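Each chain gets a letter, A, B and so on, in the order its sequence line appears, and its residues count up from 1. Predicted model only: the values in this text are computed from it and were never measured.
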Number of protein chains: 2
Amino acid sequence: MNARGRPRSFDRSVALERAMDVFWARGYAGTSISELTEAMSINSPSLYAAFGSKEELFREAVALYVATDDACTLQMLEGELTTRDSISAMLFASARSCVRPDKPVGCFVVLGATNGGPETDAAQQFLCDQRKDMARRIRHRLERGVADGELPSGLNLERIAAYFGTVIKGMSIEARDGANGETLLSVAKSAMLGWDALTSTQG
Amino acid sequence: MNARGRPRSFDRSVALERAMDVFWARGYAGTSISELTEAMSINSPSLYAAFGSKEELFREAVALYVATDDACTLQMLEGELTTRDSISAMLFASARSCVRPDKPVGCFVVLGATNGGPETDAAQQFLCDQRKDMARRIRHRLERGVADGELPSGLNLERIAAYFGTVIKGMSIEARDGANGETLLSVAKSAMLGWDALTSTQG
DNA sequence: GTATTTATGTGTCGGTCGATACATAAATCA
DNA sequence: TGATTTATGTATCGACCGACACATAAATAC
């Protein structure tokens, strides 16, 4: 049982990838349908037929980003490294992913919809949820560290996760401001220097 | 020799302050002339007569912000505290200024123009310069620490400044995502835990 | 083949954007 | 007072926004 009617003349996933790059570089509010259709090499009716609306296309683009370009960052938390090495690897991966060649600078989830009019509120909220999910994963990794006996109990894991989340978010802006990969890696390294004090119950 | 003609019927500095709050809350691209004129209680011809254009008004709003709401943050670097205490006080002041009552959340300089179309490039560049100026002031404070003998020579001050600049920038996004003052203060505190290692030549 | 279904390209919708033209109102200077 | 200068309110400019109507083209089902 195949689909009837005229088949789509463009590759949907390729078009989505093009859209992701545009949204990533210019943000939700800063991207117009014209820019999208040009980058996707289609006309606006095809865009609306395939993706519904600008906002739905944005959500799909973010999902694609999280599943591809951003996957390696949070993946660092899933392996068998120690808690400390996991967090460190995540920061380094995040730093590297902020300055990928041939890709927009900075993290799409961090910079994709920071400001705009009321019509961008939904997109902002969507990215905010993604960021909170990131912080949640960091906290879960810390909880695992406590369960494994690597970290003492009684730590305020929420605040430790907030600290590292803050560093990750800051690095994206730093990258947009022109920081090179070397600088970002040194920032990641610097952020880890307080680890022992951060994970002791004395702090 | 007084001014001739009909005098201005509104207080220019009050109007500028209103404009600052709108730009601060919604960003450059997300703020329309309509929102500005409504908040300023004037009509658009008066806005253009008094401020020239949206972009010039934005620049004045940023300058006002830097001179008032943001002044206390960098002012922490100018006093007679030790280098460590200066940086720490700056982070704490930045954390507090991110969640001021009756003010938009986060730092205007960090969040005021992150993304948008090509017509926002000038505003973005302007804020980027402001952020680099902040990093430059931090570095100058560190240089003073070296000159005073508080810090060893041979440190890479640029990278230390980049680290603290990253934390400050990240805190604004954290605040926009809903972090409360207590959380931000704990982030600032966490960011200082690596100070000794960060300012030793072993790192 | 013919009918049906779906996607495409052209053109355009109402709305809003930033920015002004214009005539009028309100002040100072002579 | 009259002449001049400046600011105000109304109304609107062309451009662009996101979204879609419509007729046509291209595929499958029968």
Side-chain angles (χ1 to χ4, degrees), chain A residues 1-16 18-19 22-23 25-61 112-113 115-124 126, chain B residues 1-16 18-19 22-23 25-61 112-113 115-124 126:
Chain A
M1 191 53 180
N2 261 341
R4 306 235 313 211
R6 181 179 182 174
R8 183 182 288 125
S9 69
F10 60 93
D11 188 324
R12 192 182 189 277
S13 59
V14 169
L16 178 58
R18 302 266 183 278
V22 180
F23 274 132
R26 311 209 65 94
Y28 179 77
T31 302
S32 69
I33 300 290
S34 313
E35 290 176 291
L36 290 169
T37 55
E38 186 179 4
M40 301 161 89
S41 300
I42 60 176
N43 295 107
S44 49
S46 298
L47 187 154
Y48 283 95
F51 299 99
S53 69
K54 182 185 180 184
E55 188 180 319
E56 292 180 60
L57 174 58
F58 181 76
R59 293 174 122 93
E60 284 205 50
N115 48 34
E119 72 279 4
T120 73
D121 287 346
Q124 287 184 247
F126 182 67
Chain B
M1 190 54 180
N2 260 342
R4 305 244 311 224
R6 181 180 183 174
R8 184 182 288 126
S9 69
F10 60 93
D11 188 323
R12 191 182 189 276
S13 58
V14 169
L16 179 58
R18 302 264 183 280
V22 180
F23 275 132
R26 311 210 65 96
Y28 179 77
T31 302
S32 67
I33 300 291
S34 311
E35 289 175 291
L36 289 168
T37 54
E38 184 179 5
M40 300 161 89
S41 300
I42 60 175
N43 296 107
S44 48
S46 298
L47 187 154
Y48 284 94
F51 299 98
S53 69
K54 182 184 180 184
E55 188 179 319
E56 291 180 60
L57 174 58
F58 181 76
R59 293 174 121 92
E60 283 204 50
N115 47 36
E119 71 278 4
T120 74
D121 286 347
Q124 287 183 245
F126 182 67

Rounded distance (Å) that lies between atom [atom2] of [N] and atom [atom1] of [X]:
{"X": "B:K54", "N": "D:dC16", "atom1": "NZ", "atom2": "P", "answer": "16 Å"}
{"X": "B:R4", "N": "C:dA27", "atom1": "CZ", "atom2": "P", "answer": "15 Å"}
{"X": "A:E38", "N": "D:dG18", "atom1": "CD", "atom2": "C1'", "answer": "17 Å"}
{"X": "B:Y28", "N": "C:dC17", "atom1": "OH", "atom2": "P", "answer": "13 Å"}
{"X": "A:I33", "N": "C:dG9", "atom1": "CD1", "atom2": "P", "answer": "16 Å"}
{"X": "B:F58", "N": "C:dA19", "atom1": "CZ", "atom2": "C1'", "answer": "19 Å"}
{"X": "A:E119", "N": "D:dC17", "atom1": "CD", "atom2": "P", "answer": "13 Å"}
{"X": "B:L47", "N": "D:dG9", "atom1": "CG", "atom2": "C1'", "answer": "14 Å"}

It should be established whether [X] places a side-chain nitrogen or oxygen under 4.0 Å from OP1 or OP2 of nucleotide [N].
{"X": "B:S44", "N": "C:dA19", "value": "no"}
{"X": "B:S46", "N": "D:dT8", "value": "yes"}
{"X": "B:N43", "N": "D:dT8", "value": "no"}
{"X": "A:Y48", "N": "D:dC20", "value": "no"}
{"X": "B:S32", "N": "C:dC17", "value": "yes"}

Open item on the list: Quick check for you: among C:dC17, C:dA7, C:dA27, whose closest atom lies nearest to any side-chain atom of B:S34?
Closed with: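 The answer is C:dC17.
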Task: Closest to the A:R6 side chain, choosing from C:dT6, C:dA19, D:dT8 - done: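 Out of C:dT6, C:dA19, D:dT8, the nucleotide with an atom closest to A:R6's side chain is C:dT6.
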Task: Side chain to side chain, B:R18 and B:I42, heavy atoms closer than 4.5 Å - done: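 When only atoms from C-beta onward are counted, B:I42 and B:R18 do not touch, as no gap falls below 4.5 Å.
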Task: Note, B:P118 side chain near A:R26 side chain (heavy atom, < 4.5 Å) - done: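 Contact flag for B:P118/A:R26 side chains = yes.
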Open item on the list: Can you see whether A:T120 engages A:Q124 through a side-chain donor-acceptor pair at a distance of less than 3.5 angstrom?
Closed with: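 Present: a donor and an acceptor within the cut-off.
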Open item on the list: Please classify the nucleic acid contact of B:P45 as base, sugar-phosphate, or nothing, using heavy-atom distances under 4.0 Å.
Closed with: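 Answer is base: heavy atoms of B:P45 come under 4.0 Å of a base.
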- [ ] Determine the contact category for B:T37: base if any of its heavy atoms lies under 4.0 Å from a base atom, sugar-phosphate if only primed atoms, P, OP1 or OP2 are that close, otherwise nothing.
- [x]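 If one applies the 4.0 Å heavy-atom cut-off, B:T37 turns out to touch nothing in the nucleic acid.
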Task: Nearest-nucleotide 5' precedence on DNA chain C, B:G5 against A:A49 - done: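 Closer to the 5' end of DNA chain C: A:A49.
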Open item on the list: In terms of relative ring orientation, are A:Y28 and A:F23 parallel, tilted or perpendicular, with 30° and 60° separating the classes?
Closed with: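 Parallel.
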Task: Ionic contact status for B:R12 with B:E60, cut-off 4.0 Å - done: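 Counted as a salt bridge, because a side-chain N and a carboxylate O are separated by less than 4.0 Å.
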Open item on the list: Assuming nearest nucleotide by heavy-atom distance, tell me which of A:G52 and B:F10 is located more 5' along DNA chain D.
Closed with: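 Whichever sits nearer the 5' end wins; that is B:F10.
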